[in-house]
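Letters A, B, ... are given to chains in the order of the sequence lines, protein chains preceding strands, and every chain is numbered from 1. FYI, side chains are in, hydrogens and waters are out, and symmetry mates aren't considered; it's all heavy atoms of this structure.
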Amino acid sequence: MTSSKPSVHVVKALGEEPSFKVGDRVRISARYPIGHYRVPTYMRGKCGAVEFVIEPTAVNNEEEAFGRNAGKKGYYYRVGVPLAELWPGYTGPPQDRLIIEIFEGWLERT
Amino acid sequence: MTTDTHHHDHDHDHDHQHGPNPHHQDPKNVDTPPPGYYEIMEIAVRELLIEKKLIGPGEIRRQIEVLDSRTPALGAKVVARAWVDPEFKARLLANGRLACEREFGISFYDDTQLIVLENTDKIHNVVVCTLCSCYPRPVLGLPPDWYKAKPYRARVVKEPRAVLSEFGTEIPAEVEIRVNDSTAMLRYLVLPKRPVGTEDFSEEQLASLVTRDTMIGVVNVSLANKNTP
């Protein structure tokens, strides 16, 4: 194994690379689908920052709940939101935060 | 369940064994309340799956054995190792699942990833699953009832300091609280702070201090937890 990467031009397929990187501002969609979902209601429509990109990609567990998981994988992200932004009237210190993992399909760029 | 009480109103071959089954109510035990709706549903689905040969009764027994073998003692060993071995700690923080699997043989049979959250003098992590009861079962076993109950799930994301205080845990105002809501395929294990005064402790002695609740993040490790030999 060589230490330097050979210079080749490769076009990655859609979904192979994460759409968001650490530090990106994101909004969690405010959607209300019927059925099984894994984004708690209290987080929908909330804005935060990507703190961690989960590697490797994994199945969308909302789809998996319906048995639709063959070959469909995507990125999960840990998104952080200050508790003071999440809850008006939060009495704790401003640095307190909530971090939650969200599937890519629920995130919008802000 | 015995054959005389076993009622089937669906049509199928009746070739499965009716041996002792730990999941079934004993009809002779009059003190046992009748099964509830969900228990009957579970029995019905399980019996159907077995009779359709989609699973075997041995598979359920085996899975119960898997779960029974997972207890907070496993997590405590992982934590104690991380306290005494900085290189292991680095590997654990980089990839919790891989470190547990390769170095302890703790398999992740549920195909979840493990993120280990280190508590420091500046950051205090606490774990919750607001939607249900996601929990690092491979390393901690079954979650406690309060972890699955709505008051904890609803409150710890909204007023974590008040909830921690009810566990007897006061976090200084300058420390950042991180509430980690586990919703999908990630599981979280808190790596608690090693208490002062344990510099001479062996890895085994250290592990004896680490309780389940310290790895959920609702309490800190305390020397008061030490088992007397």
Inset, instruction - Can you establish whether the number of heavy atoms outside B/Tyr38 located under 6.0 Å from its atom OH is more than 12? - result: no

Inset, instruction - Measure the OH-CG distance between A/Tyr42 and B/Leu131 for me, rounded to the nearest 0.5 Å. - result: 8.0 Å

Legend entry - Residue part contacting chain B, namely of A/Phe52, when any heavy atom lies under 4.5 Å: side chain

Legend entry - Atom pair CD1/OG of A/Ile99 and B/Ser182 - distance to nearest 0.5 Å: 12.5 Å

Legend entry - Distance in Å, A/Glu55 CD paired with B/Asn95 CG, rounded so as to fall on 0.5 Å steps: 11.0 Å

Legend entry - Within 6.0 angstrom of A/Arg25 CZ, more than 12 heavy atoms from elsewhere: yes

Legend entry - OH (A/Tyr32) with more than 12 external heavy atoms under 6.0 Å: yes

Inset, instruction - State the CD-CE distance between A/Glu101 and B/Met185, to the nearest 0.5 angstrom. - result: 7.5 Å

Inset, instruction - Inspect the surroundings of CD in B/Glu65 and state if more than 12 heavy atoms from other residues, nucleotides or ligands are less than 6.0 Å away. - result: yes

Inset, instruction - Taking atom NZ of B/Lys158 as the centre, report whether more than 12 heavy atoms of other residues, nucleotides or ligands fall under 6.0 Å from it. - result: no

Legend entry - Verdict with reasoning, A/Arg78 to B/Leu186, per side-chain contact (heavy atoms from CB on, under 4.5 Å): CA-CA 10 Å; A/Arg78 297 192 70 207; B/Leu186 292 177; 4.1 Å; yes

Legend entry - Selection from B/Val157, B/Asn180, B/Ile171, B/Thr130 maximising heavy-atom pairs under 4.5 Å formed with chain A: B/Val157

Inset, instruction - With side-chain contact (heavy atoms from CB on, under 4.5 Å) as the test, would you mind laying out the steps for A/Arg97 and B/Val179 before giving the verdict? - result: CA-CA 6 Å; A/Arg97 280 190 303 152; B/Val179 182; over 6 Å; no

Inset, instruction - Against chain A, label B/Val175 side chain, backbone, both or neither, depending on which of its atoms sit under 4.5 Å from a heavy atom there. - result: backbone

Inset, instruction - Please state whether the side chain, the backbone, both or neither of A/Leu83 comes within less than 4.5 Å of a heavy atom of chain B. - result: side chain

Legend entry - Within 6.0 angstrom of B/Arg102 CZ, more than 12 heavy atoms from elsewhere: no

Legend entry - Greatest number of heavy atom pairs closer than 4.5 Å to chain B - which of A/Thr41, A/Ile54, A/Leu86: A/Ile54

Legend entry - Pick from B/Ile123, B/Asp111, B/Ile115, B/Asp181 with the largest number of heavy-atom pairs that fall under 4.5 Å of chain A: B/Asp181

Legend entry - Verdict with supporting geometry, A/Asp96 and B/Arg178, salt bridge (charged side-chain N to carboxylate O under 4.0 Å, His left out): CA-CA 6 Å; A/Asp96 289 356; B/Arg178 282 188 191 167; over 6 Å; no

Inset, instruction - Heavy atoms only: give me the nearest B/Ala173-A/Pro93 pair and the separation to one decimal. - result: O-CG, 3.2 Å

Inset, instruction - Give the minimum heavy-atom separation between B/Cys134 and A/Arg38, together with the two atoms involved. - result: SG-NH2, 3.6 Å

Legend entry - Distance in Å, B/Glu159 CD paired with A/Tyr90 OH, rounded so as to fall on 0.5 Å steps: 9.0 Å

